[in-house]
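These notes are about the structure you will find just below.
Along the sequence shown, residues carry numbers from 1. For clarity, every value in this text was computed on a predicted model and none was experimentally measured.
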Amino acid sequence: MGFPPEVKEQALIACKRHCVICEESKGKKIECHHIMPRANGGENTFDNCIPLCFDCHEEIGSYNPKHPKG
């Protein structure tokens, strides 16, 4: 399950819709990633949320068969 809408909104406001890795402004082309995966006990909280652009989100980790995007 993903982040609640209020957590996503808080994270996107905090980063001003810039990817926190490449620091580029991404507008709507940004998603919220779990720092600690839910499968490993990570929570859907602001402190566990990192906004990433599509490219950086793809590069951030290795293949995870439990993640909806692999």
Side-chain angles (χ1 to χ4, degrees):
M1 177 160 200
F3 292 100
E6 58 273 6
V7 171
K8 286 183 182 180
E9 182 178 355
Q10 184 182 10
L12 294 173
I13 289 171
C15 74
K16 299 179 184 170
R17 288 196 171 269
H18 283 69
C19 174
V20 298
I21 301 238
C22 68
E23 299 181 351
E24 291 184 27
S25 176
K26 294 297 179 173
K28 293 183 179 182
K29 296 180 180 177
I30 195 165
E31 30 193 23
C32 294
H33 175 73
H34 288 88
I35 297 168
M36 176 179 284
R38 295 276 298 146
N40 296 345
E43 298 180 351
N44 287 327
T45 62
F46 176 77
D47 290 333
N48 194 38
C49 180
I50 183 170
L52 302 172
C53 68
F54 297 160
D55 292 334
C56 289
H57 195 184
E58 181 181 327
E59 298 294 325
I60 195 74
S62 59
Y63 176 76
N64 179 354
K66 294 180 182 176
H67 191 281
K69 293 191 177 182

With sequence neighbours excluded, residues passing side-chain hydrogen bond (donor to acceptor under 3.5 Å, both in side chains) with Lys26: Glu24
With sequence neighbours excluded, residues passing salt bridge (charged side-chain N to carboxylate O under 4.0 Å, His left out) with Glu43: none
Working to the nearest 0.5 angstrom, can you tell me the gap between [X] [atom1] and [Y] [atom2]?
| X | Y | atom1 | atom2 | answer |
| --- | --- | --- | --- | --- |
| Cys49 | Glu31 | SG | CD | 11.0 Å |
| Ile35 | Asn40 | CD1 | CG | 13.5 Å |
| Asp47 | Met36 | CG | CE | 12.0 Å |

Cluster companions of Leu12 among Ile, Leu, Val, Met, Phe, Trp, Tyr (side-chain spacing under 4.5 Å): Ile30
Any residue meeting side-chain contact (heavy atoms from CB on, under 4.5 Å) with Ile21, in chain and number order, not counting sequence neighbours: Cys19, Leu52, Cys56, Ile60
Minimum heavy-atom distance between Cys15 and Val20, given as atom pair plus value: CB-CG1, 4.1 Å
Donor-acceptor under 3.5 Å (Asn48 side chain, His34 main chain): no
Indicate every side-chain donor-acceptor pair of residues 3-11 with a distance under 3.5 Å to a residue at least two apart or in another chain.
none

